[in-house]
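What you see is a predicted model; the values in this text were computed from it and never measured.
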Amino acid sequence: MSESELLDAHRQELRRGSVVLASLLALQKPGYGYGLLEELERAGMPVAGNTLYPLLRRLESQGLLTSEWDTSEARPRKFYRTSHDGMRLARALWREWRAIDAAVTRLDPDATLTRLDSDAGVAALDPDAEGQHLWPPR
């Protein structure tokens, strides 16, 4: 497995656990599936449609999203919105997110990663940046 493939696989694992929170937060204002894909992409959290659409249906079936059809245009679209229960879950997941962030930060007592970010900028950690190697350590 190449360096880039390894990073991509682990990046996907990180995102998989956070797309529920991101979707619940983004859908505080009503939105439809394709619009949510675009919004998540703009926010820096790209998600494939074949991941997002089943997730939206699951969150709706769990009562975390509400939906309604907009048939005012030629092509009907289903709009989703985070329900009251969905916002309660989003708040709880946000607290968990912050606790995990704090725990991971404590595991880097010398703040090595923080220094890398501030010294060279986050772009320096971009695996697509020329000459950058994140893994394996050199």
Q) Say you draw a straight line from CZ of Arg88 to CG of Leu24; how long is it, rounded to the nearest 0.5 Å? A) 13.0 Å

Q: Measure the spacing between NE2 of His84 and OG1 of Thr82 and express it to the nearest 0.5 Å.
A: 12.5 Å

**Q.** Main-chain N/O of Asp101 paired with Thr105 side-chain donor or acceptor, under 3.5 Å
**A.** yes

Q: Apply side-chain contact (heavy atoms from CB on, under 4.5 Å) to the pair Val20 and Arg58, showing each step before the final yes or no.
A: CA-CA 10 Å; Val20 168; Arg58 180 171 57 86; 4.0 Å; yes

**Q.** Interatomic distance, Leu64 atom CG to Met87 atom CE [nearest 0.5 angstrom]
**A.** 11.5 Å

Q. Can Trp97 be reached from Leu27 by stepping across I, L, V, M, F, W or Y side chains whose heavy atoms are under 4.5 Å apart?
A. yes

Q: For Ser83 and Asp85, test the side chains for any donor-to-acceptor distance below 3.5 angstrom and give the result as yes or no.
A: no

**Q.** Flag side-chain contact, heavy atom, 4.5 Å: Thr66 against Arg81
**A.** yes

Q. Would you say Ser67's side chain and Phe79's backbone share a donor-acceptor pair under 3.5 angstrom?
A. no

Q | Between CZ on residue Arg77 and OH on residue Tyr32, distance to nearest 0.5 Å | A | 4.0 Å

Q. Do Leu36 and Ser23 touch side chain to side chain, with heavy atoms closer than 4.5 Å?
A. yes

Q. So which heavy atom on Pro76 is nearest to which on Thr71, and how close?
A. CB-CG2, 4.1 Å

Q) In this structure, which one of Arg15, Arg16, Arg11 forms a salt bridge (charged side-chain N to carboxylate O under 4.0 Å, His left out) with Glu13? A) Arg16

Q: Would you indicate whether Glu38, at its atom CD, is surrounded by more than 12 heavy atoms from other residues, nucleotides or ligands within a distance under 6.0 Å?
A: yes

Q: Supply the atom-to-atom distance Glu96 CD to Leu89 CG, rounded to the nearest 0.5 angstrom.
A: 10.5 Å

Q. Does the Gln28 side chain pair with the main chain of Leu25, one donor and one acceptor, at a distance under 3.5 Å?
A. yes

Q: State plainly whether the residues Glu60 and Arg57 are in salt-bridge range, i.e. N to O under 4.0 Å.
A: no

Q.
Does any part of the side chain of Trp94, heavy atoms only, come nearer than 4.5 Å to the side chain of Leu21, both counted from C-beta?
A. yes

Q. Is there a donor-acceptor contact under 3.5 Å from the side chain of Tyr34 to the main chain of Gly49?
A. no

Q: Measure the CG-CG distance between Leu59 and Leu52 for me, rounded to the nearest 0.5 Å.
A: 9.0 Å

**Q.** Connected via hydrophobic side-chain network under 4.5 Å: Leu7 and Val47
**A.** no

Q) Short question: side chain of Gln12, backbone of Ala9 - any donor-acceptor pair under 3.5 Å? A) no

